[in-house]
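Quick notes on the structure that follows.
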Amino acid sequence: MITRGLGLLLVASSMLLSSLASADNPFIVVASTTSTEQSGLFSHLLPAFTKDTGIDVRVVAVGTGQALDIGRRGDADVVFVHDKAAELKWLGEGNGVTRYPVMYNDFVLIGPKSDPAHVDDGKDIAVAFRKIAAARAPFVSRADKSGTYSAELRLWKDAGIDIAKDKGPWYRETGSGMGPALNTAAAMNAYILSDRGTWLNFHNRGDLHIVVQGDKRLFNQYGVMLVNPAKHPNVKKDLGQKFIDWLVSPRGQQAIASYKIDGEELFFPNAGSDS
Amino acid sequence: MGEVEIPLGQPIVANGASVVRRGVRVLDRIDVTISPRSCTFVLGPNGSGKSTLLRLLHGLIHPDEGDVTWGGETARPPLRHAMVFQRPVLLRRSAVGNVRHALALAGVRGAEAAVRAHHALARVGLAALAHRAARVLSGGEQQRLALARAAALEPDVLFLDEPTASLDPPSTRAVEDIVQAIHAAGTTIVMTTHRLAQAKRLADEVIFLEGGRVTEGTPASQFFTEPSSPEGRAFLEGERL
Amino acid sequence: MHEIAVPGTIGGVDTIAQSFELALRMLTHFDSRLTQIVGLSLAVSLSSTLCSALIGLPLGAAVAIARFPGRNGVIVALNAAMGLPPVVVGLAVYLLLSRAGPLGEFGLLFTPAAMVIAQTVLIVPIIAALTRQIIEDAWAEYREQLQSLHAGWWQAGLTLLWDTRFSLLTVLLAGFGRAAAEVGAVIIVGGNIDGVTRVMTTAIALETSKGDLPLALGLGIVLITLVMALNVGAYVTRGWARARFG
């Protein structure tokens with residue numbers, strides 16, 4: 001009875017596995033960031049791409065740093081991230097072929113409605129950061145290898161603050177993804193820098209809302225790169241390049257522009273720019 | 001495996017065999033010979049080493065001194081042995097499954113195993129319960145099943161360690177009858193019991209143990225009428241009181 | 001799944017009530033995406049339980065019966081390995097399966113097979129250690145009988161495994177429970193790819209990071225319900241078997 005049961009289990013689970021796992025379509029693996037996945041952009045974009053080309057896209061959504069590492073090891077075909085400096089360094093090490101700017105969105109400073117640092121409705125992000133540091137108001141930092149964290153560090157520098165030296169108990173480094181960091185900020189009524197897409201798609205807002213937006217320095221550029229097939233022969237060069245070409249084509253750019261939450265556009269296509 | 005091929009004339013001999021457990025001599029320089037086709041009873045007070053002697057002769061334990069030979073061989077055993085324990089360990093299978101399992105371990109499979117298992121169960125009166133789970137049988141039925149399992153192996157020697165210790169009189173009687181029938185069919189029996197009456201009914205040889213030593217090994221008729229050792233005499237006296 | 005998401009809610013009692021409501025809806029309305037995620041969860045965890053059984057049961061039985069130098073060390077190692085941190089296992093398997101790793105050529109990273117491997121590494125010690133305990137206890141009881149029947153090591157091991165099958169069923173359930181509940185390892189080696197390697201636990205982690213706590217908790221309730229149902233089934237089977245086989 002038990003042997004028969006085990007046999008049945010074996011057959012059933014292997015059938016399930018194969019039916020679930022074996023894609024009929026050819027596919028590529030894209031290492032990307034939590035912001036693109038969690039903002040819902042990919043669920044909007046990928047079905048259109050698959051319909052156009054018959055290629056499935058498997059997205060592994062992690063921080064920019066980890067996404068670049070996945071590409072470096074040859075575990076993805078395409079890398080789609082947002083940290084230009086890190087991307088150029090990665091290309092320089094021979095990990096990829098060419099970087100294509102695809103789109104941008106922007107970072108927003110999120111904070112509690114009580115606004116202890118009095119930064120609400122500001123237009124200058126450097127001023128806001130200085131005020132937060134001066135007020136020792138709680139601030140949640142990703143403190144991981146993400147594009148958002150890179151941007152945050154750049155902003156502290158722009159504000160003239162040496163955060164590594166200046167940080168105190170008010171500056172909380174979570175070492176987590178955007179969503180978990182937002183959950184933490186909501187629970188602590190803290191300020192936090194977020195990309196707009198993740199924020200718009202984030203449900204557990206608590207008492208938080210956007211306090212500063214629109215500063216040029218909050219600009220967040222996304223780039224896409226094919227993993228170097230010369231270094232990793234397993235990379236699906238043609239399929240991956242098709243995905244990149246589609247993203248920067250008028251059709252792909254239009255699809256990006258048409259993704260909206262509550263009528264708000266999240267990502268602004270800018271392929272062909274030198275961003 | 002026809003019975004003709006099996007040489008039955010081979011004795012089991014212990015030569016100065018001792019078993020030491022945690023510094024205690026459980027068996028002390030034992031010299032015994034189990035003659036083929038005999039029905040030998042190992043008697044003695046509790047803790048005298050009866051069960052240990054059975055295990056030694058069966059080959060389950062090795063002597064720390066001396067040796068045990070089976071038909072002249074020290075390797076365990078050219079003779080086919082089986083043993084029925086005081087508390088039989090039955091597998092979580094049907095009654096017939098238990099017998100088939102023992103037969104499979106002895107290399108008997110297929111149709112022959114089916115026939116042998118059926119006969120063995122029928123012989124102990126369990127044919128009707130062949131497909132009942134062994135562990136839900138009554139105590140008496142379990143012991144009879146253990147006997148059937150041992151008998152199905154068609155052993156030359158059958159060891160039984162207090163097989164009726166926890167059984168009621170009818171079950172005891174049933175087990176005795178089966179043992180007698182197996183003996184009559186030519187199997188050597190080596191058995192322990194604490195029931196003197198049982199030994200009187202079945203035994204033709206008696207080995208008397210006390211404190212790990214054999215004080216006498218005599219024909220049963222002589223032991224029960226005129227024991228040669230003082231320990232044996234005292235034991236019989238005690239039983240009579 | 002997204003169709004039944006309830007946006008814009010805040011933590012507390014409402015969240016919990018909402019989660020139960022969501023869970024109930026998910027359990028009664030067969031949403032195809034949810035069914036797919038549940039199916040993959042079950043397939044992956046059952047496969048890894050099966051692989052672990054094929055390794056862990058004989059391994060546990062062997063350690064229980066065999067006497068060899070260093071046996072105590074093996075037992076301690078097995079017991080300690082029951083608490084292997086999933087993240088560490090995930091990372092180790094990730095590095096093994098990565099294209100840049102020793103097993104990279106098979107291209108298993110970010111596939112369900114990788115998840116099965118990681119979970120198998122996690123639960124083999126659980127199954128082996130618990131099996132060792134059960135078989136060792138049974139061996140104490142069966143040893144003389146089996147030796148009397150001239151059972152070799154191999155035959156004794158098989159006999160004991162079969163005779164303790166109802167207790168071992170519980171062991172397999174413990175392994176399955178750990179596999180199904182685990183997130184740290186599968187999210188690393190599977191990549192939580194939508195439709196390919198997204199299982200219950202990684203979906204819960206994702207919804208949590210999206211701040212959709214009611215949906216996350218709702219999925220959690222579904223997962224617990226499934227595991228519970230499986231355990232009830234096994235418990236009933238075991239009770240029946242005990243009555244039947246003693």
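Lettering of chains follows the sequences in order, A, B, ..., and the numbering in each one begins at 1. Quick note: numbers below take in every heavy atom, side chains included, and nothing from hydrogens, waters or symmetry partners.
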Please walk me through it: do L42(C) and F176(C) pass side-chain contact (heavy atoms from CB on, under 4.5 Å)?
CA-CA 9 Å; L42(C) 289 177; F176(C) 174 80; 4.0 Å; yes

To the nearest 0.5 Å, atom OG1 of T164(C) lies from atom CG of L57(C) at 8.5 Å

Inter-residue atom distance T131(C).OG1 - L161(C).CG, 0.5 Å rounding
7.0 Å

Per-residue contact mode, L95(C) against chain A (heavy atom under 4.5 angstrom)
both

Let's test your reading of the structure: which of V29(A), V62(A), L46(A), I70(A) forms the most heavy-atom pairs below 4.5 Å with chain C?
I70(A)

Applying a strict 4.5 Å limit to non-hydrogen atoms, the region of D75(A) in contact with chain C is both

In chain order, what residues pass the salt bridge (charged side-chain N to carboxylate O under 4.0 Å, His left out) check against D115(A), with sequence neighbours excluded?
none

Pick one of side chain, backbone, both or neither for A61(A), based on which atoms fall under 4.5 Å of a heavy atom in chain C.
backbone

